[in-house]
Amino acid sequence: MKRAIYPGSFDPMTYGHLDIIKRAARNFDEVIVSVLDNKAKNPLFSVEERVKILEEATKDIPNVKIDSFSGLLIDYAKRIDVPVSVRGLRAITDFEYELQIAQTNSKLSHGKLDTVFFTASLEYSYLSSSGVKEIACFGGDLSECVPEFVAELLYAKYNQKR
Ligand code: PNS
């Protein structure tokens with residue numbers, strides 16, 4: 001069985017992430033989308049909230065599972081016995097960062113964790129979670145960025161902060 005992890009912060013999941021999840025799910029038997037629990041990043045949504053968003057958005061894709069992890073990706077991958085990490089590449093600006101992570105993971109895992117890149121679909125290549133948060137913060141239109149229920153959660157977060 002071909003299994004892959006799609007790790008990330010997903011703070012919050014965008015249509016860009018969802019596009020990568022769907023395409024990974026067509027290419028692997030099982031895709032485990034895993035939210036990094038990293039308090040140092042000071043996320044807007046808790047790990048539990050981010051997991052719930054991903055669960056709701058992927059509920060109709062049977063071979064996608066949602067999980068969370070902390071610590072090193074290679075340790076998590078070893079623990080759940082998955083040899084491939086999936087990442088999305090938007091523009092050349094992503095490339096250096098992603099190459100470094102992929103090579104670090106390959107080195108640290110002694111070649112046991114490979115990285116497979118999916119290039120972002122054109123309509124989503126401008127999208128980022130930080131951009132989405134900025135739009136939400138000023139009450140802008142998120143209809144092309146995230147599912148409606150995620151937009152509601154974002155607006156609610158920023159209303160709470162006011
Ligand atoms: O969505 P993001 O924030 O770009 O995802 C980054 C992520 C989660 C893939 C990366 O930070 C990660 O795997 N962190 C876990 C710690 C780790 O394994 N670091 C070593 C590779 S640099």
Side-chain angles (χ1 to χ4, degrees), residues 2-25 27-28 30-58 61 64-137 142 144-147 150-151 153-154 157:
K2 281 193 297 172
R3 299 166 77 218
I5 302 170
Y6 178 19
S9 301
F10 304 106
D11 186 39
M13 180 213 75
T14 68
Y15 278 139
H17 294 127
L18 196 53
D19 177 56
I20 302 286
I21 293 171
K22 287 178 181 166
R23 288 161 57 207
N27 284 279
F28 291 92
E30 184 177 77
V31 176
I32 299 136
V33 183
S34 204
V35 175
L36 175 66
D37 185 0
N38 182 358
K39 308 265 182 322
K41 276 203 168 183
N42 195 19
L44 180 64
F45 290 97
S46 68
V47 174
E48 294 73 22
E49 289 171 320
R50 286 178 274 159
V51 164
K52 270 203 186 131
I53 289 172
L54 284 158
E55 281 173 346
E56 176 62 25
T58 62
I61 318 173
V64 170
K65 299 208 159 37
I66 312 301
D67 195 12
S68 61
F69 76 105
S70 53
L72 289 178
L73 179 64
I74 55 148
D75 293 333
Y76 170 66
K78 188 174 175 193
R79 200 162 61 244
I80 64 168
D81 194 24
V82 175
V84 176
S85 166
V86 161
R87 294 284 290 168
L89 276 180
R90 287 165 301 188
I92 196 77
T93 41
D94 280 345
F95 182 74
E96 262 186 63
Y97 169 68
E98 293 297 339
L99 181 69
Q100 194 183 18
I101 294 184
Q103 289 176 335
T104 304
N105 285 333
S106 177
K107 188 85 183 161
L108 284 178
S109 70
H110 305 285
K112 291 202 172 88
L113 183 65
D114 273 324
T115 303
V116 169
F117 294 108
F118 284 83
T119 52
S121 297
L122 274 182
E123 66 264 47
Y124 304 125
S125 57
Y126 71 97
L127 259 181
S128 69
S129 295
S130 45
V132 160
K133 283 183 275 195
E134 189 155 338
I135 297 169
C137 176
L142 289 169
E144 303 209 6
C145 306
V146 294
V150 180
L153 291 169
L154 276 159
K157 280 272 177 204

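All values below come from the heavy atoms of this structure, side chains included, with hydrogens, waters and symmetry mates left out. Counting convention: from 1, in listed order, for ligands and their atoms alike. Quick caveat, the model's predicted, so the values are computed rather than measured.
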Contacts of Glu48 that satisfy salt bridge (Lys or Arg N to Asp or Glu O under 4.0 Å) - sequence neighbours left out:
none
Looking at atom 22 (S) of ligand 1, what's its closest protein heavy atom, distance included?
Ile101 CG1, 4.2 Å
Hey, is ligand 1 close enough to Leu73 that some N/O pair sits below 3.5 Å?
yes
By salt bridge (Lys or Arg N to Asp or Glu O under 4.0 Å), which residues pair with Glu98, not counting sequence neighbours?
Arg87
Applying a heavy-atom cut-off of 4.0 Å, say which part of Tyr97 lies close to ligand 1: side chain, backbone, both or neither.
side chain
Could you see which bit of Gln100 sits under 4.0 Å from ligand 1, with heavy atoms only: side chain, backbone, both or neither?
neither
Between the side chain of Ser121 and the main-chain N/O of Glu123, is any donor-acceptor distance below 3.5 Å?
no
Using distance alone, decide if ligand 1 has a nitrogen or oxygen within less than 3.5 Å of any nitrogen or oxygen in Ser9.
yes
Regarding ligand 1, does Thr104 bring an N or O atom to under 3.5 Å of one of the ligand's N or O atoms?
no
Just to confirm my output: which protein heavy-atom neighbour is closest to atom 16 (C) of ligand 1, and how far is it?
Gly71 O, 3.4 Å
Under a 4.0 Å N-O cut-off, is there an ion pair linking Arg79 with Asp75?
no
Out of Asn105, Leu108, Asp94, Ile5, whose heavy atom sits nearest atom 21 (C) of ligand 1?
Asn105
Considering heavy atoms of the protein only, find what lies nearest to atom 19 (N) of ligand 1 and give residue, atom and distance to 0.1 Å.
Leu72 CD2, 3.8 Å
Determine, stepwise, if the pair Asp11 / Lys133 fulfils salt bridge (charged side-chain N to carboxylate O under 4.0 Å, His left out).
CA-CA 9 Å; Asp11 186 39; Lys133 283 183 275 195; 2.9 Å; yes
Tested for side-chain contact (heavy atoms from CB on, under 4.5 Å) against Ile66, the lone hit among Val33, Ile21, Ile32 is Val33
Looking at atom 9 (C) of ligand 1, what's its closest protein heavy atom, distance included?
Arg87 NH1, 3.4 Å
Looking at Thr58 and Ile61, would you say the former's side chain and the latter's main chain have a donor-acceptor pair under 3.5 Å?
no
In terms of the angle between their ring planes, are Phe10 and His17 parallel, tilted or perpendicular, with boundaries placed at 30° and 60°?
perpendicular
Can you tell me which residue and heavy atom of the protein come closest to atom 12 (C) of ligand 1, and the distance to 0.1 Å?
Leu36 CD2, 4.5 Å
